[in-house]
Every structure is written in structure tokens, then in C-alpha cells.
Novice: 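Input: one structure, supplied below.
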Amino acid sequence: MRSLRFFNTLGRELQEFRPLVPGKAGFYGCGPTVYNYAHIGNLRAYVVDDLISRTLRWFGYEVSHVMNITDVGHLSGDDDSGEDKMLRSAQERGQSVLEIARLYTEAFFRDTERLNILRPGVVCKATDHVPEMIALIKRIEANGYTYFAGGNLYFDVSRFPSYGELARLRLDDLQAGARVEIDANKRNPADFVLWFTKSKFENQALVWDSPWGRGYPGWHIECSAMSMKYLGEQFDIHAGGIDHIPIHHTNEIAQSEAATGKKWVSYWLHNEFIVMNSGKMSKSKGGFLTLQTLVDAGYNALDYRYFLLGGHYRSQLQFSYEGLDSARAARRSLNERVLALRDRAGEGGATSPSGAGGATSPSAVGGMTGAGAPGPAASSDPHPTPGNLEKLIGHLSPAAAARLKAFADAMADDLSTPRALAELWGILRDSLVLPAEALQTAFAMDEVLGLGLADLKREEVPSVDPGLAAEIEGLVAERHLAKKAKDWARADAIRDELKNRGIILEDGPSGTVWRLEAAALVAPAGARASGTQSPT
RNA sequence: GGCGCAGUACCCAAGUGGGAAGGGAGAGGUCUGCAAAACCUUCAUGAGUCGGUCCGACUCCGACCUGCGCCUCCA
């Protein structure tokens with residue numbers, strides 16, 4: 001098994017990945033709080049999680065991937081002064097908290113599916129795990145790390161000597177109250193609530209009985225409780241946004257290790273932000289871009305995935321429509337190359353990587369040139385097949401094997417998708433590699449990148465009004481006759497007229513094809529405002 | 001005040017102590033009645049500024065300048 005290296009926030013260095021159990025990887029990625037739509041910055045985290053998961057699997061690990069859905073008790077402040085975000089959102093929309101949670105959870109998975117993000121093996125909701133949280137808090141309490149004040153149970157960070165190690169915080173240096181009001185109940189400003197009681201928050205919609213009174217859990221505890229339930233008290237990787245380092249993950253570590261007395265997580269991976277011209281996007285500031293905004297502007301969700309892959313996950317990435325245009329153009333070109341290779345590979349048989357072991361994937365062979373695109377049944381399993389990498393490299397020609405190795409090295413080196421992408425381009429334009437083999441290699445790479453190359457369909461049919469389509473076909477036929485008569489003026493006039501209406505004609509060897517102009521897909525000017533518009 | 005990141009061609013963006021990936025855009029070419037598409041070729045003697053270490057630095061060190069994130073919820 002090839003060795004992987006990750007940048008571990010705990011220690012701030014690249015470290016070789018050594019799982020607790022050889023050949024297996026337990027991975028927890030912080031999921032969404034479902035009180036609003038995810039914006040494209042949020043979605044970067046889930047694409048990164050997906051890359052971690054796919055990469056581990058691709059390199060042969062058996063992966064247990066767990067993600068939470070936070071559907072309760074997420075205050076707008078870390079103390080008990082704020083409102084519950086779920087509740088506020090529910091009130092604004094005149095729906096119940098559970099309806100809100102369901103609405104945005106569904107929206108979230110619609111987005112992740114469009115981004116080709118594979119669903120984690122376990123997706124767990126906070127509201128389904130309150131008993132586990134209570135049980136965990138009891139252990140923390142039994143170990144003497146808590147105190148009760150003003151109706152809330154607090155975690156006492158002074159009892160946990162290594163508090164803040166992840167974020168390299170020094171408690172003495174933290175400016176208490178610099179940006180948030182001091183909670184008078186706290187003994188130390190860094191203390192945080194494990195359990196709130198309803199006495200401190202009147203309108204809480206969801207409450208549970210607990211040894212500390214009827215109330216609801218603090219935010220951080222759900223991740224500790226659920227990750228331990230599904231991955232054990234110690235596991236390999238925990239990922240999330242870089243913003244979680246100082247508070248959320250720091251507190252998770254403290255409470256988890258206070259409960260078990262054991263080191264909790266081995267590797268902490270944190271993704272940097274997508275930033276706008278005007279600064280970062282945030283839900284609470286309003287005015288953020290959703291995936292749907294991009295789709296409405298004419299982009300494919302995978303254009304955004306490609307855009308993300310173009311930068312390293314630990315670097316801030318500046319979002320711009322110019323950058324997204326670039327990604328879209330690149331992805332189109334990439335798809336064209338794959339389709340062209342597929343034509344050239346023909347019956348020779350490009351097989352999917354999983355075919356290296358014997359079976360031939362129907363989606364990768366032929367089919368595309370015949371009538372009808374392959375149905376869902378023909379799609380190969382999107383999950384990378386563990387252990388296939390070395391076997392495939394062994395089967396390839398030296399030139400292709402070198403490309404695939406370089407790709408693997410890039411991914412193994414802290415998920416360097418920019419380099420990996422360069423290798424994908426390399427294999428697709430390498431004249432030393434036969435088309436079928438180039439395809440096979442590219443598909444293997446795409447099991448990690450997730451750009452859907454193996455499931456490409458030939459030229460999507462433009463969705464236009466049937467009447468309009470008939471009219472276009474008529475004009476195309478007329479132009480064909482004009483061309484035969486060498487009436488270039490008439491032929492060009494028809495082409496120009498259609499172009500003015502946003503329809504592009506292209507004369508190919510097999511006749512004229514038409515498509516909608518790409519320019520029509522460019523984002524409207526109004527959508528270019530960058531995060532400064534006020535919420536409505 | 002504390003923690004941290006970044007400044008690479010027109011744009012996005014990698015790697016590297018000794019030949020500066022890749023993509024987009026642009027330019028030239030092949031093809032075409034002309035286009036478009038596609039394909040091929042081309043595109044940073046130089047890496048914010050100034051010093052230092054070194055046989056040699058874009059890469060290490062220091063200073064400065066500029067931009068950015070976090071220390072409230074937040075991916």
C-alpha cells in the first residue's frame with residue numbers, strides 16, 4: 001500500500017498517514033447546520049471531504065466516512081445569549097424547526113449530488129443522538145471536568161491542561177470579551193456549555209430531559225458523541241473548515257479526551273476558505289452564492305467542482321465568475337477530449353479501472369456512438385475500488401503507468417489536486433499512449449477527481465421549445481440547399497440570423513449541427529455582485 | 001494584542017536549492033467556400049521590494065511593502 005501524507009493541523013506539518021487499524025480509515029467530516037442553504041464556500045468543505053474519502057479508498061483503505069447533520073441547538077453565540085439559528089429560521093419562514101431541517105437537508109444533498117460528492121457511509125442527525133450526547137456528558141462530568149452555573153453545565157477548560165493545542169492557543173493571551181460579551185457564569189472565558197436548560201432560553205422548540213434539567217445540548221458535543229458512536233473512541237481523521245480550529249474542534253478535543261482519557265483523533269485536516277472580492281462569504285452576513293445561483297447562471301455544478309480542484313484545499317481560493325468561466329471552458333475541453341478518445345478507442349475496448357480485474361464496465365465501452373446514452377444501470381460504481389491502483393499500474397504501458405504514478409503521487413502528497421489535474425491533462429494528450437489506455441487511465445484518475453468522465457454523454461440535446469427547434473431545422477435545411485448551390489450569401493445570412501438569436505451552427509463532416517450559444521450561459525450582470533448585496 | 005496565510009505570465013494556479021506544472025484567454029497554423037468547432041504550435045532569462053546565507057535561490061533566513069483569514073456563529 002502506497003503511503004499517503006496529510007498536513008496535520010495538530011503539529012502543523014505533513015505527516016505520513018498511519019491508521020490505527022492497518023488498511024482501515026475512520027473519517028469524520030463536520031457536516032452542515034441545516035438552517036439555510038449551503039453556499040459555495042460551505043460546499044468546498046464537502047468536496048474536500050469527498051476527496052479525502054475517495055483518495056483513501058483509491059489507495060486501498062477501507063473507509064468509514066461519517067458526517068453529521070446539525071439540526072438543533074446551534075446558537076448564534078457560543079454562550080447562552082444568542083438565538084437558536086434553527087428556531088430563528090423556522091420563525092422567519094413560519095415553519096417548524098423539523099420542517100426547516102428537512103427542507104435544507106434535502107437541499108444540501110441535492111447540491112452534493114450535483115457536485116458528484118459521494119454520500120458518506122453514515123450520515124447522522126444530532127436530534128437522533130441526544131441520548132448519546134447525554135451519556136458522554138455524564139462521563140465528562142464524572143471525570144470532574146464540569147461545573148454547573150446559571151442553569152448550564154459548563155466544561156472547565158482549566159482542568160484540561162492541553163486545551164488549545166490544536167489552535168496553538170495560550171489561554172493567558174486570549175483577550176476575553178474582545179469581541180463577544182463575557183458570560184458571567186463562566187469561570188474562564190474559554191469555558192463552553194455542554195448542556196443548556198430551558199430556563200435560559202424560553203422559546204427553544206426542541207428540548208430533552210437530562211440529569212441537568214430539561215434543555216438541549218451545546219453545539220460541540222454532538223460531533224464528539226456521534227463520531228465516537230460510529231468510529232470508536234479513537235479514530236483516524238477529522239476534517240472541517242479552517243474556522244473550526246480555534247473553537248469548535250478545540251472544544252471537541254477537550255470534551256472527548258476528558259471523557260475517555262485517550263487521544264481522540266490522529267489527523268486533523270482543515271480546508272481554507274473560498275473568498276470573494278469583498279472578503280469571505282458567510283451565512284450570517286447574508287448575501288452569499290449558492291450552487292443553484294451558479295446553475296441558474298448557466299454553469300454546471302461540475303464546473304464549480306473543477307474550479308475547486310484547480311486550487312489546493314489548504315489555500316484560499318478567490319471566487320470569481322472569470323475563474324468559473326475558465327473552469328467551465330477547461331472542463332468542456334476535457335470532456336471533448338475524452339469523447340474523442342472514446343471514438344478513437346472504438347471497439348478496441350477501453351475498460352474502466354474496475355475492469356482491470358476482469359469485468360468490463362459497459363459505460364466505458366462503445367455505447368456512446370450508438371443510439372441512446374447508457375442508462376443508470378450502465379454506470380460504473382462511482383466509488384473507487386480499493387486496491388485497484390497498483391494492479392492497474394502493473395497492467396499499463398510505461399508511459400501511461402508513469403502518468404498514473406505521478407497522479408497518485410500528487411494525490412498522496414496532501415491531496416494536490418492541481419498537480420493531479422495536470423496529470424489528467426497529460427494522459428489525455430500524450431501521443432505515446434494509445435486511446436484505449438489513455439481512457440482507462442483517465443477514468444482511473446477520475447475515480448478520485450469525480451468529474452464524471454466515465455459517464456459522459458455525447459452532446460446533450462439543447463432543451464428548447466419544439467417549435468423553435470423545428471424552425472431551426474428548417475433553416476438549417478434551407479442553408480444546406482443554399483450551400484449546395486454555392487449561394488454563400490444566403491448561407492451566411494441564415495447562419496448570422498441564427499447567431500443573433502443565440503444559436504450556433506457548426507458545419508462538420510457529417511453535416512450541420514446546431515447548439516445554443518455559450519454566451520447565453522454567461523452569468524447575468526446582476527449575479528456578479530460579490531457578496532455585498534443585502535439579504536432580503 | 002494573539003494565531004495564521006498569501007504575493008509566480010493577461011487571468012486562475014502548481015512544483016522546486018541547480019531546466020518555472022497545468023488550465024483559461026491571446027497569437028500563429030492545419031481543416032473549411034467563409035466561419036465555427038476540433039487538433040497542433042506558441043506564450044514568465046524571470047517569480048512584491050530590499051538585504052543575507054550558498055558555488056548556485058523563485059525556492060532557505062531577515063526586514064519592509066501589499067492583500068487576506070481567524071481569535072463572535074461560521075466550511
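Keep in mind the model is a prediction, meaning the values are calculated, not measured. Per chain, numbering begins at 1; letters A, B, ... match sequence-line order.
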Novice: Could you pull out all residues at least two apart from A:F27 that satisfy ring pair (Phe, Tyr, Trp, His ring centres under 6.0 Å)?
Specialist: A:H65
Novice: For nucleotides 31-35 of chain B, give me every protein contact, N/O to N/O, under 3.5 Å, one pair per line with atom names.
Specialist:
residue : atom : partner : partner atom : Å
B:G33   : N1   : A:D492  : OD1          : 2.9
B:G33   : N2   : A:D492  : OD2          : 2.7
B:C34   : O2   : A:R495  : NH2          : 2.6
B:C34   : N3   : A:R495  : NH1          : 2.9
B:C34   : N3   : A:R495  : NH2          : 3.2
B:C34   : N4   : A:D507  : OD2          : 3.3
B:A35   : N6   : A:D507  : O            : 3.1
B:A35   : N1   : A:D507  : N            : 3.2
B:A35   : N3   : A:R495  : NH1          : 2.9

Novice: List for me each residue that meets ring pair (Phe, Tyr, Trp, His ring centres under 6.0 Å) alongside A:H248, sequence neighbours excluded, and say none if there are none.
Specialist: A:W219, A:H220, A:H244
Novice: Excluding sequence neighbours, so at least two apart, what forms side chain to side chain contact (heavy atoms under 4.5 Å, CB included) with A:S162?
Specialist: A:F160, A:E165
Novice: Quantified in whole Å, what is the C1' atom distance between nucleotide B:A13 and nucleotide B:G7?
Specialist: 13 Å
Novice: Given B:C11, B:G4, B:G24, identify the nucleotide with an atom nearest to the side chain of A:R12.
Specialist: B:G4
Novice: Find the distance A:R403:CZ to B:A21:P and express it as a whole number of Å.
Specialist: 13 Å
Novice: Contact class for A:E272 vs. all strands (heavy atom < 4.0 Å): base, sugar-phosphate, or nothing?
Specialist: base
Novice: Could you state the CG-P distance from A:L334 to B:A38, rounded to the nearest angstrom?
Specialist: 13 Å
Novice: Partner lookup for B:C5, please. Criteria are Watson-Crick or G-U wobble with both distances under 3.5 angstrom; report none if nothing qualifies.
Specialist: B:G67
Novice: Taking only the C1' atom of each, what is the distance from B:C61 to B:G28 in whole angstrom?
Specialist: 45 Å
Novice: Roughly how many Å is it from CG in A:L428 to P in B:C39, rounded to a whole number?
Specialist: 11 Å
Novice: What is the distance from CE of A:M445 to P of B:G23, rounded to the nearest Å?
Specialist: 14 Å
Novice: According to ring pair (Phe, Tyr, Trp, His ring centres under 6.0 Å), who are the partners of A:Y28, at least two apart in sequence or on a separate chain?
Specialist: A:H238
Novice: Would you indicate which nucleotide in B:C40, B:G69, B:G24 comes nearest to any side-chain atom of A:F273?
Specialist: B:G69
Novice: Under the salt bridge (Lys or Arg N to Asp or Glu O under 4.0 Å) rule, collect the residues that match up with A:E16, sequence neighbours excluded.
Specialist: A:R18
Novice: Do the ring centers of A:Y46 and A:F108 come within less than 6.0 Å of each other?
Specialist: yes
Novice: Roughly how far apart, to the nearest Å, are B:A57 and B:C3 at atom P?
Specialist: 32 Å
Novice: Please answer whether the main-chain N or O of A:G323 pairs with a side-chain N or O of A:S320 as donor and acceptor at a distance below 3.5 Å.
Specialist: yes
Novice: Measure CZ/A:R332 against P/B:A25 and give the value in whole Å, please.
Specialist: 10 Å
Novice: Please give the distance between the P atoms of B:C58 and B:G48 as a whole number of Å.
Specialist: 10 Å
Novice: Is A:A422 touching bases, backbone alone, or none of the nucleic acid, heavy atoms closer than 4.0 Å?
Specialist: base
Novice: Pick the nucleotide of RNA chain B nearest each of A:R314 and A:R331; which residue has the one closer to the 5' end?
Specialist: A:R314
Novice: Can you check the distance between B:C68 and B:C10, where both ends of the measurement are the P atom (answer in whole Å)?
Specialist: 22 Å
Novice: Can you tabulate the close N/O pairs, meaning under 3.5 Å, that link protein atoms to atoms of nucleotides 12-15 of chain B?
Specialist:
residue : atom : partner : partner atom : Å
B:A13   : O2'  : A:G310  : O            : 3.3
B:A14   : OP1  : A:H312  : N            : 3.2
B:A14   : OP1  : A:S315  : OG           : 3.4

Novice: Under the rule for salt bridge (Lys or Arg N to Asp or Glu O under 4.0 Å), what residues qualify as partners of A:E252, not counting sequence neighbours?
Specialist: none
Novice: Considering every strand shown, what is the Watson-Crick or G-U wobble mate of B:G62 when both distances are under 3.5 Å?
Specialist: B:C50
Novice: Using the C1' atom in both, what is the distance from B:G18 to B:G22, to the nearest Å?
Specialist: 23 Å
Novice: Look at the side chain of A:T112 and the backbone N and O of A:F109, then say whether any donor-acceptor pair between them is shorter than 3.5 Å.
Specialist: yes
Novice: Rounded to the nearest angstrom, tell me the gap between atom CZ in A:F7 and atom C1' in B:C5.
Specialist: 11 Å
Novice: Please classify the nucleic acid contact of A:H270 as base, sugar-phosphate, or nothing, using heavy-atom distances under 4.0 Å.
Specialist: nothing
Novice: Which is true for A:R168 with a 4.0 Å heavy-atom rule: it touches a base, it touches only sugar-phosphate, or it touches nothing?
Specialist: sugar-phosphate
Novice: With C1' as the reference atom in both, quote the distance from B:A20 to B:C43 in angstrom, rounded to an integer.
Specialist: 14 Å
Novice: What is the distance, rounded to the nearest whole Å, between atom CD of A:E322 and atom P of B:C10?
Specialist: 13 Å
Novice: Partner of B:G19 by Watson-Crick or G-U wobble geometry, both contacts under 3.5 Å, or none?
Specialist: none
Novice: Apply salt bridge (Lys or Arg N to Asp or Glu O under 4.0 Å) to A:R5 and list each qualifying residue two or more places apart in sequence or on a separate chain.
Specialist: A:D413
Novice: Determine which nucleotide pairs with B:G33, using a 3.5 Å limit on both distances of a Watson-Crick or G-U wobble pair.
Specialist: none
Novice: Taking the six-membered ring for Trp, is the centroid-to-centroid distance between A:F307 and A:F319 below 6.0 Å?
Specialist: yes
Novice: C1' atom, B:U59 versus B:C70: distance in rounded Å?
Specialist: 28 Å
Novice: Would you mind pulling out the nucleotide paired to B:U42, Watson-Crick or G-U wobble, both distances under 3.5 Å?
Specialist: B:G26
Novice: A:R337 near the nucleic acid: base, sugar-phosphate alone, or nothing, with a heavy-atom cut-off under 4.0 Å?
Specialist: sugar-phosphate
Novice: Mark yes or no for whether A:T55, through its side chain, and A:I52, through its backbone, hold a donor-acceptor pair below 3.5 Å.
Specialist: no
Novice: Rounded to the nearest angstrom, tell me the gap between atom NE2 in A:H244 and atom C1' in B:G69.
Specialist: 15 Å
